[in-house]
Amino acid sequence: MRVPSSVYTTAGLIGGYAAARTTGNRQLGGAVLAACGAAAFRSWRRSAGLPTAAALSAVYSGAFGLAHPLAKRMGAWPAVLAVTAATGAAAHVLADRRGGARD
């Protein structure tokens with residue numbers, strides 16, 4: 001079954017935040033973020049190669065980190081949505097569109 005990696009990044013960033021916020025359990029949110037990040041990495045490696053997978057992993061991790069200071073300026077949900085859109089777009093352009101998503 002082919003799942004675009006941008007779906008994994010979206011599920012990880014939005015789902016991880018929603019899980020942590022809804023349950024009050026930050027570790028659960030981190031687990032969602034990590035599991036989706038691992039699935040995205042596997043997809044990136046298969047479709048675009050290891051260097052691109054590593055770069056996109058840095059984008060994904062950086063987006064998580066960037067959401068925190070952005071949340072202070074624009075609110076939590078807008079920040080999460082903004083970094084999710086940027087990460088999904090990068091995944092689409094560098095891996096999904098180019099090599100096709102495989103999983």
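What you see is a predicted model; the values in this text were computed from it and never measured. All residue numbers in this chain count up from 1 along the given sequence.
- When every heavy atom of Arg21 is checked against every heavy atom of Ala76, the shortest pair comes out as NH1-CB, 4.1 Å.
- Pairs of residues two or more places apart, or lying in two chains, never qualify as side chain to side chain donor-acceptor pair (under 3.5 Å) while including a residue from residues 52-81.
- A donor-acceptor pair under 3.5 Å is formed between the side chain of Asp96 and the backbone N or O of Ser6.
- Nearest heavy-atom pair across Leu13 and Ala63 is CD1-CB, 4.3 Å.
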Exercise for review: Give the intermediate values and the outcome of side-chain contact (heavy atoms from CB on, under 4.5 Å) for residues Thr9 and Thr84.
Suggested key: CA-CA 7 Å; Thr9 62; Thr84 299; 5.8 Å; no
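- Using a 4.5 Å heavy-atom threshold, the side chains of Leu56 and Leu94 count as touching.
- When all heavy atoms of Ala82 and Met74 are compared, the pair lying nearest together is CB-CE, 4.5 Å.
- Counting all heavy atoms, side chain and backbone alike, Val32 lies closest to Gly15 at CG1-C, 3.7 Å.
- With rounding to the nearest 0.5 Å, the separation of OG in Ser47 from CZ in Arg2 is 9.5 Å.
- Using a 4.5 Å heavy-atom cutoff, the side chains of Val83 and Phe64 are not in contact.
- Under the 4.5 Å side-chain contact rule for hydrophobic residues, Tyr17 and Ile14 share a cluster.
- Listed by first then second residue, pairs satisfying ring-ring contact (aromatic ring centres under 6.0 Å, His included) with a partner in residues 26-53 number zero, not counting sequence neighbours.
- Remark: Thr87 OG1 to Leu66 CG distance equals 9.0 Å, nearest 0.5 Å.
- Note that the OG atom of Ser5 and the NE2 atom of His92 stand 9.5 Å from one another [nearest 0.5 Å].
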